[in-house]
Amino acid sequence: MSIDINTPPILRFGAGSVDSIGELLASSGAARPIVVTDRFLVSTGVAARVAESLAASGMEAAVYDGTIPDPTTDSLESGLAAIREHGADSIVALGGGSPIDTAKALSVLAVRGGHMRELKAPFQFMGPALPVIAVPTTAGTGSEVTQFTIITDSANNEKMLCAGPGYLPKAAVVDYELTLSMPPRLTADTGIDALTHAIEAYVSRKANPVSDVYALAAISRIGRYLRRAYRDGDDREAREEMMTAATLAGMAFSNASVALVHGMSRPLGGHFQIAHGMANAMLFAEITAFSAGHAVERYATCARTLGVASADDDDQAAADALVAELRALAHELEVPTPASRGIEQALWEERVPVMAQQALASGSPNNNPRVPTAEQVEQLYRAIYA
């Protein structure tokens, strides 16, 4: 069996590497880039810093700051208009997962046209797109190195997975200093998001020897540094290691796919506007408990790599320790439940059957060690409510 491993051709890591974006993009022949970001990064001056780097390299840059959390098909329209108005020949995606996902979708639609609904999984987009340089400002989504984007269909609130090599950025610039201002809540949610990516990639039915290396390297770092980054946002070593871990986890799941946690988390964003990382964190422990018996050795390896089990523990004890650690991590990092977020139980119950169908339709649950029925997905949603 052959496997394809897809990563951006250029991965640039290190403090201050954000200032080299102009030189990096100029070397590709780009002349009219557009920075796709959000208003927060404009207000902090980070977007201007990137634009200045582009201008210093002789390019005529524009900034589009209209991205929103959990981008929708409607929200893409103003971005497409900005690309056309500027005559952009390239995109710098600056921000967390939402701006980067927005940029990747825009890069495809600007060339292909049409609607994102036509591109949702299982369709694989292989065609041309505007070149994207991705610059993450959070340590979690891994979107800077993946061949996926997540866009919510404004017509029905379905959070669509769109996939294929056409979405893969041409370069990723991973500068951990951009995460130093992340508050504890965002540090926790994005950190658990990265851990979810790594563990789901490792236990995925599509896992392969290369994705395994990325996944285990990410898990090891997260086990040592997530709590440190959460407790002290100025811990530069922890911030750098978490940033590296998030990118490694992104490369792992981009080449092995995610599984049930992600399949079930997307509808939480679409129906209840729960941020992706937080949705994963809500689901992670319960779904791992549901799945672990069907891939005990793999989950045990994750536990040992995370540092919560030893070589002396048998595989079942190690897998149980992993579930216990995920529950403890959610408690310590104050991950909310849907109930504590103020979602009424009657509304939750009303949406559960629809969310279960959308989760299964995404295809991700088919990669899980234990492939659930619709009834089991509904039971899992009910289990995490309170």
Side-chain angles (χ1 to χ4, degrees), residues 188-189 191-207 215-216 218-219 222-223 226-227 249 252-253 256-268 274 276-310 313-341 345 348-349 352 355-356 359-360 362 364-386:
D189 294 342
I192 297 177
D193 190 21
L195 183 59
T196 309
H197 293 154
I199 290 179
E200 285 211 300
Y202 191 73
V203 303
S204 168
R205 291 170 180 260
K206 294 181 179 178
L216 293 176
I219 291 168
I222 294 167
L226 174 54
R227 284 180 171 87
F253 87 81
S257 199
V258 286
L260 181 56
V261 176
H262 277 73
M264 289 182 63
S265 73
R266 294 185 200 107
L268 297 186
I274 299 172
H276 174 70
M278 182 179 289
N280 280 345
M282 289 176 173
L283 290 157
F284 198 11
E286 200 68 38
I287 290 176
T288 301
F290 169 82
S291 307
H294 289 246
V296 174
E297 182 179 351
R298 287 243 144 189
Y299 282 106
T301 298
C302 292
R304 296 186 185 105
T305 305
L306 192 62
V308 298
S310 72
D313 295 315
D314 65 37
D315 285 349
Q316 186 60 60
D320 291 344
L322 177 64
V323 174
E325 167 66 2
L326 296 181
R327 295 194 193 284
L329 194 62
H331 176 74
E332 186 176 338
L333 273 56
E334 300 181 341
V335 174
T337 64
S340 69
R341 288 266 297 177
Q345 188 163 13
W348 182 261
E349 285 292 330
V352 159
M355 292 195 300
L360 292 172
S362 74
S364 298
N366 291 330
N367 303 322
N368 206 57
R370 182 181 181 185
V371 178
T373 64
E375 182 180 3
Q376 288 170 327
V377 174
E378 291 181 17
Q379 290 170 349
L380 287 166
Y381 276 132
R382 293 186 176 103
I384 70 156
Y385 173 75

Straight-line distance of [X] [atom1] to [Y] [atom2], nearest 0.5 Å:
X: R266; Y: N280; atom1: CZ; atom2: CG; value: 8.5 Å
X: I199; Y: L326; atom1: CD1; atom2: CG; value: 5.5 Å
X: I287; Y: F290; atom1: CD1; atom2: CZ; value: 8.5 Å
X: R341; Y: M278; atom1: CZ; atom2: CE; value: 5.0 Å
X: T288; Y: R370; atom1: OG1; atom2: CZ; value: 12.5 Å
X: L195; Y: I222; atom1: CG; atom2: CD1; value: 5.0 Å

Checking the side chain of [X] only, and the main-chain atoms of [Y] only, is there a donor and an acceptor separated by less than 3.5 Å?
X: W348; Y: Y381; value: yes
X: N367; Y: S204; value: no
X: Q376; Y: T373; value: yes

Side chain proximity check, [X] to [Y], heavy atoms < 4.5 angstrom:
X: L380; Y: L283; value: no
X: P336; Y: I274; value: no
X: E378; Y: M355; value: no
X: L216; Y: Y202; value: yes
X: V352; Y: R382; value: yes
X: I219; Y: T301; value: no
X: I384; Y: P338; value: yes

Please evaluate residues L333 and D189 with respect to the criterion side chain to side chain contact (heavy atoms under 4.5 Å, CB included), reporting the C-alpha separation (whole Å), side-chain torsions for both, the decisive distance (0.1 Å), and the verdict. CA-CA 8 Å; L333 273 56; D189 294 342; over 6 Å; no
Can you name the nearest heavy-atom pair linking [X] to [Y], along with the distance?
X: A198; Y: A218; value: CB-CB, 3.9 Å
X: D313; Y: A317; value: CB-CB, 4.4 Å
X: A201; Y: A207; value: O-CB, 3.4 Å
X: G263; Y: P365; value: CA-CD, 4.2 Å
X: A194; Y: A249; value: O-CB, 3.4 Å
X: P372; Y: V377; value: CG-CG2, 3.6 Å

Could you walk me through whether L306 and L322 pass side chain to side chain contact (heavy atoms under 4.5 Å, CB included), step by step? CA-CA 8 Å; L306 192 62; L322 177 64; 3.9 Å; yes
E332, CD atom: more than 12 neighbouring heavy atoms under 6.0 Å: yes
Verdict with reasoning, V323 to F284, per side chain to side chain contact (heavy atoms under 4.5 Å, CB included): CA-CA 9 Å; V323 174; F284 198 11; over 6 Å; no
Do N368 and S291 have side-chain atoms, one donor and one acceptor, less than 3.5 Å apart? yes
Ring-plane angle category for H262 and H276, please: parallel below 30°, perpendicular beyond 60°, tilted otherwise. tilted
Indicate yes or no: does R304 engage D315 in a salt bridge with an N to O separation below 4.0 Å. yes
Does R205 pair with E200 as a salt bridge, N-O distance under 4.0 Å? no
